[in-house]
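The block underneath contains the structure these notes are about, expressed in structure tokens.
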Amino acid sequence: MNPYDHKTIEKKWQEKWEADGVYQTAENSDKPKQFVLDMFPYPSGDGLHVGHPRGYMATDVYSRMKRMQGFNVLHPMGWDAFGLPAENYAIKNKIHPRVAVEENIARFKKQLGLMGVDYDWSREINTTDPAFYKWTQWIFLQMYHKGLAYESWEPINWCPGCQTGLANEDVESDGTCERCGSKVEKKPMRQWVLKITEYADRMLLDLDKLPKWPEGVKEAQRNWIGKSEGAEIDFLMPGQPEHPIKIFTTRPDTIFGATFIAVSAGLAKEWFSVGWKAPQEIQDYVEKTLAEEAVKDFKEKEKTGIYAGFDAVNPASQQPVPVWITNYVMKDVGTGAIMGVPAHDERDFEFANKYNLSIKQVIVPGNKMKAVVVVPTLENDTLFKKELQKAGIGFALATSTISKREQIRVELTKENLQEFIDLVQKHITENNWVEIIGSENIVVKKDAVYKDFLNQADEWFKKFQEWEPLIQGQKNLWDMFSKNTFLNELVCYRESGNLVNSGKFDGMTSEEAQKAIVESVGGKMVSKYKLKDWVFSRQRYWGEPIPIIHCEKCGVVPVPEADLPVTLPEVESYAPTGTGESPLANISEWVNVPCPKCNEMAKRETNTMPQWAGSSWYYLRYIDPKNNAALVDKDKEKNWMDVDVYVGGDHATRHLIYARFWHKFLYDNGIVSTEEPFPRLEFLGFILAHDGQKMSKSKGNVISPDEVIAQFGADAFRLYQMFIGPFEQTAMWNANGMVGTLRFVEKVWRIAGKVADEASDLEVQKTLNKTIKKVSEDIEGFKFNTAVSAFMILANTMESATSVSKDDFKKFLQILAPFAPHSTEELWSGLHGEKSIHTSAWPRSDEKLITEDTVTIGIQVNGKVRAEIEIAHDATEAEVKEKVMNIPEVMKWIEGKEVKKFIFIPKKIISIVA
RNA sequence: GCCGGAGUGGUGGAAUGGUAUACACGUGCGACUCAAAAUCGCAUGCCGUAAGGCUUAAGGGUUCAAGUCCCUUCUCCGGCACCA
């Protein structure tokens, strides 16, 4: 047996697999299909680092197992090559983006090749290939025809670094550009927008149909879509019934507490343009505020506002309410105006306090009167706590005041108060006392008298008077409990509850009141979304041209489908112009075309599509990559969709929202047959550098897979990628870890040297069959790390065995093959001959060998493990008890005690209570 | 602030409510060797000479039995964030 020489072996097999077409997907097959998909990469100029391939390794392992299990596997790869980074890279290196992309793809492909991945390269796609983006443009046209693509002149996010407009999804939550980190500004400009909001509700609802998606990703999408249900209500201004102020609120039940109207600066500006002659002071304020808003800044700003000089009328209370223009209401949220309810909204509360606006309480907590009381733990504390629990009084360890260990915190409600008092009276001694540290019912402020609370306070006061003799010297209690203390508290109550000060609605619950009030003030219930329509124009060169022609006579004219694709022209200068126009605008021979309708000279749309366009549907093209007549053949689509498992990370709210949107649109138009593209999503964790930071060229902590593979070999690299930790969890790259998996591969190599034709040790047979079962399940569930550990256990068993049969070893090689395709293929070819291990049939585990005749289980005495016993796996309780009671170790612990309970859980444990 | 995820040896981590610390790294000792590397064997949670005791962020609860379920609190990571 030659020593393990990974370099020779890897090269040899990679070439042979390629030549034999081992991984090509059959076009017509009787086998069940399996579509395994990676999020395709952006071929950046930096090449891959060791953090990238983890997902590719996972799909590689998964698809290899599926192929061996008899599935017709589609495991393709492609390139998401349009967009800013490629273009910026090209500008920086003074080459054409197409050339840069070609170079980068070649490099990525070579790197992937070194890892021994099983992609079917005959189906490779590239979003920048005109034959591909013809269909991206085609989908845009379908959307245009359905009214889902429209022109807009709204101010949008503008990145001064990238010199282009951006979608909301491209802006980080700190207001910087996702790509270059520049501060994003607001800039008004003409752009194409996709009406993603029309699909918001369906995208939200259908998340519930995706049980195999990680909860976190679904939650991120729910947040992003941001549905809120509430009411739109008009506040009229005396004498101007034709100009009501429309507000949006999720809490119409608090309307009687609305003491002012707060209007966004953006809305005020609109009023100027429809004829409001506001004083200069107000106009200045609006301009100043808008300028501040234009620079997205999420640092907490102080709330400011200015009185508009007129009042509206609260439609519920008929009271006049002043209209304020403020900086804390956003134009693009809700209707851009709100009713200010300071008693029940913290932001309104803050604003009202600053400008001395009146505060009117209209909600009181329902029947959940709650006080928090601190009780130092009493002498027989277990007893006291048990009794508290019996009485249904919740308690917790107190964390503040004195020391943690000495006190507990008790939550009291109206219902359990009497019981609590009784209990304390029973247990209290002169060293113990009770302190009230707060109550959730403290809601009151100055002029807003919370009368219901006062009633309760009287009640409380009376109750606690009864304690007086018991708590003498504890003045805390009286201080905390005086009415004055409560009345000076300045808090607002945000929860729902019962209505007060609300006319005929008094006494209703918040829930009841909502509908009734909206109806009585002539409002209507509506749903609002945080999700905004998708800004789809980029003022850059390197993207799909938007297939639209602007004609002076005919207006906006879509390019006829027969003329697709609209290809990017070859140009000298593709750098952004910075004027808000695409560089394409300067190429007159491309821009000027006859109008398809009237044939007079017209101009092409010069904006291009964002990077996310191609990736929103690319997976469909793998199914039918060369079809020039349709996006995808209907029969092939039916055969291959859904994607059985989709693997990637980092795109919870961008790509995965856009792709779901496009897929649903295609479904509605009969192009695809499923409502969701990816029923199972496996999200992967990053691999961080050794220093715990993200790998990046600028930090100088990048580890290249090429070097690691050169040193340790692709198989050890692949095994380590899978072994490093749970797949979905962030992991840190540790070069030492590679040593372990390399040793393992070498160990397998050594075992190959000792296989014989005799039967294996029983131990080996058993472990092998358990491992086959475990590895099959683990790969299916993406638990690769425990699969690798199972391999190691099996290898250790085989190495120390006296005999390992050729057949058993071959089975081991087969289940290991998805992880270590090169070395297993090499060893397999020596034992088995010509046919590739990767097309061999996945071994089955022999259940008979997995079931053990005897099991060793632990024996607990009073909850502690004191001994263990080996018994038949089907032993009865009587047999077991007989044996157990005679074990010296057990007898020692139950000596002189009565055995109260003997619990026998077959194959698990014996538990004795004495 | 809201939502989601997590907290286990020196390190990465394992464990359908049933013998916590599998597997690997690291470390120590030993074998082989003139020597070293590689490899192999043994040991390795903490306290204790031992018997034994303690231990899954902290505290409490349910249970014969809790890393796992429930309550309270803390910390870290991620998403959203003046969203009305």
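Labels below follow one simple rule: chain letters A, B, ... track the order of the sequence lines, proteins then strands, and each chain is numbered from 1.
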Give each protein N/O atom lying under 3.5 Å from an N/O atom of nucleotides 37-39 of chain B, with the pair distance.
unit_1, atom_1, unit_2, atom_2, d
B:U39, OP1, A:Arg743, NE, 3.4
B:U39, O3', A:Arg750, NH2, 3.4

Using the P atom on both, measure B:A51 against B:C47 and round to a whole Å. 16 Å
Heavy-atom nearest nucleotide on RNA chain B taken for A:Thr249 and for A:Ser800; more 5' hit belongs to A:Ser800
Pair partner, B:G7 [Watson-Crick or wobble, under 3.5 Å]: B:C74
Candidate pair A:Asp348 and A:Lys303, rule salt bridge (charged side-chain N to carboxylate O under 4.0 Å, His left out), full reasoning: CA-CA 10 Å; A:Asp348 298 341; A:Lys303 293 178 178 51; over 6 Å; no
Indicate, with a heavy-atom threshold strictly under 4.0 Å, whether A:Gly226 touches base, sugar-phosphate, or nothing. nothing
Inter-nucleotide P distance (B:G61, B:A84), Å rounded: 40 Å
Can you give the donor-acceptor pairs under 3.5 Å from side chains of residues 722-743 of chain A to other protein atoms, not counting sequence neighbours?
unit_1, atom_1, unit_2, atom_2, d
A:Asn734, OD1, A:Asn736, N, 3.1
A:Thr741, OG1, A:Ala716, O, 3.0
A:Thr741, OG1, A:Met738, O, 3.2

Is B:G18 paired to anything, Watson-Crick or G-U wobble with both distances less than 3.5 Å, and if yes, which nucleotide? B:C64
In whole Å, what separates the C1' atom of B:A37 from that of B:U19? 40 Å
Can you check nucleotides 75-80 of chain B for protein contacts, nitrogen or oxygen pairs under 3.5 Å, and list what you find?
unit_1, atom_1, unit_2, atom_2, d
B:C80, OP2, A:Ser173, OG, 3.4
B:C80, O3', A:Lys530, NZ, 3.0

Using only atom types and a distance under 3.5 Å, with no angle test, would you say the side chain of A:His344 pairs donor to acceptor with the backbone of A:Val362? yes
Determine which nucleotide pairs with B:A50, using a 3.5 Å limit on both distances of a Watson-Crick or G-U wobble pair. none
With rounding to the closest Å, how many angstrom separate the P atoms on B:U39 and B:G53? 40 Å
For B:U63 and B:G17, measure between their C1' atoms and round to the nearest Å. 9 Å
Would you classify A:Ile724 as touching base, sugar-phosphate or nothing, given that sugar-phosphate means primed atoms plus P, OP1 and OP2, and contacts are heavy atoms under 4.0 Å? sugar-phosphate
Gap between atom NZ of A:Lys218 and atom CG of A:Leu681 - 0.5 Å precision: 10.0 Å
Show each protein N/O and nucleotides 19-23 of chain B N/O combination with a separation under 3.5 Å, one pair to a line.
unit_1, atom_1, unit_2, atom_2, d
B:U19, O2, A:Glu868, OE1, 3.1
B:U19, N3, A:Glu868, OE1, 2.9
B:U19, O4, A:Thr856, O, 2.8

Not counting sequence neighbours, which residues clear side-chain contact (heavy atoms from CB on, under 4.5 Å) with A:Lys530? List them please. A:Trp224
With both distances under 3.5 Å as the test, what is the Watson-Crick or G-U wobble partner of B:A84? none
Just to be sure I understand the rule, does A:Met339 reach a base, reach only the sugar-phosphate, or reach nothing, if contact means heavy atoms closer than 4.0 Å? nothing
B:C2 - base-pair partner by Watson-Crick or wobble geometry, distances under 3.5 Å: B:G79
Using whole Å, report how far CZ of A:Phe260 lies from C1' of B:A84. 11 Å
For A:Asn736, answer base if it contacts any base atom (sugar-phosphate contacts may also be present), sugar-phosphate if it contacts only those atoms, and nothing otherwise; contact means non-hydrogen atoms under 4.0 Å. sugar-phosphate
Go along nucleotides 46-55 of chain B 5' to 3' and tag each nucleotide: B for a protein heavy atom under 4.0 Å from its base, S when only backbone or sugar atoms are that close, - otherwise. -----SSSS-
Here the distance between atom C1' of B:C82 and atom CZ of A:Arg251, to the nearest Å, is 17 Å
When rounded to the nearest 0.5 angstrom, what distance separates CD1 in A:Ile225 from CG in A:Leu207? 5.5 Å
Of A:Ile850, A:Ile815, A:Leu794, A:Thr767, which is the lone residue that meets side-chain contact (heavy atoms from CB on, under 4.5 Å) with A:Ile772? A:Ile815
C1' spacing across the pair B:C42 / B:C77, given as an integer number of angstrom: 40 Å
B:A36 pairs with, by Watson-Crick or G-U criteria that keep both distances under 3.5 Å: none
Measure from the side chain of A:Gln729, starting at C-beta and using heavy atoms only, and say which of B:C82, B:C64, B:G13 lies closest. B:G13
Output side-chain donor-acceptor pairs under 3.5 Å for residues 855-865 of chain A, partner residues at least two apart or in another chain, one line each.
unit_1, atom_1, unit_2, atom_2, d
A:Asn862, OD1, A:Ala914, N, 2.9
A:Asn862, ND2, A:Ala914, O, 3.3

Considering Watson-Crick and G-U wobble pairs with both distances under 3.5 Å, what does B:G12 pair with? B:C23
Taking A:Tyr285 for the side chain and A:Thr304 for the main chain, is one N or O donor matched with an acceptor at less than 3.5 Å? yes
For A:Thr250, what residues pass the side-chain contact (heavy atoms from CB on, under 4.5 Å) criterion, not counting sequence neighbours? A:Ser228, A:Phe248
Base, sugar-phosphate alone, or nothing: which one does A:Pro726 contact when heavy atoms must sit under 4.0 Å apart? sugar-phosphate
note: A:Lys754, atom NZ; B:C40, atom C1'; distance rounded to Å ~ 12 Å
is_close_aromatic(A:Phe782, A:Phe784), centroid dist under 6.0 Å: yes
Rounded distance in Å - CZ (A:Arg54) to P (B:G12): 14 Å
Enumerate the side-chain hydrogen bond (donor to acceptor under 3.5 Å, both in side chains) contacts for residues 787-797 of chain A, please, sequence neighbours excluded, ordered by first and then second residue. A:Lys747-A:Asn796
When you measure from the side chain of A:Asn168 to the backbone N and O of A:Leu531, does any donor-acceptor pair fall under 3.5 Å? no
Should B:G12 be called syn or anti, with syn set as within 90° of 0? anti
So which pairs with a foot in residues 777-788 of chain A pass side-chain hydrogen bond (donor to acceptor under 3.5 Å, both in side chains), sequence neighbours left out? A:Tyr62-A:Glu780, A:Lys66-A:Glu780, A:Lys774-A:Asp778, A:Asp778-A:Thr786
Per the side-chain hydrogen bond (donor to acceptor under 3.5 Å, both in side chains) rule, what does the pair list look like for residues 251-268 of chain A, sequence neighbours excluded? A:Arg251-A:Asp253, A:Asp253-A:Ser510, A:Asp253-A:Gln514
Could you measure between the two C1' atoms, the one in B:A43 and the one in B:U33, and give it in whole Å? 23 Å
Kindly indicate, with the supporting measurements, whether the criterion side chain to side chain donor-acceptor pair (under 3.5 Å) is fulfilled by A:Tyr328 and A:Glu350. CA-CA 11 Å; A:Tyr328 81 96; A:Glu350 189 188 328; over 6 Å; no
When rounded to the nearest Å, what value does the distance between C1' atoms of B:G59 and B:G7 take? 16 Å
Atom CZ of A:Phe248 and atom P of B:C83 are separated, to the nearest Å, by 12 Å
Integer-rounded Å distance: B:G13 C1' and A:Met732 CE: 13 Å
Hits for salt bridge (charged side-chain N to carboxylate O under 4.0 Å, His left out) against A:Asp332, two or more places apart or cross-chain, chain-then-number order -> none
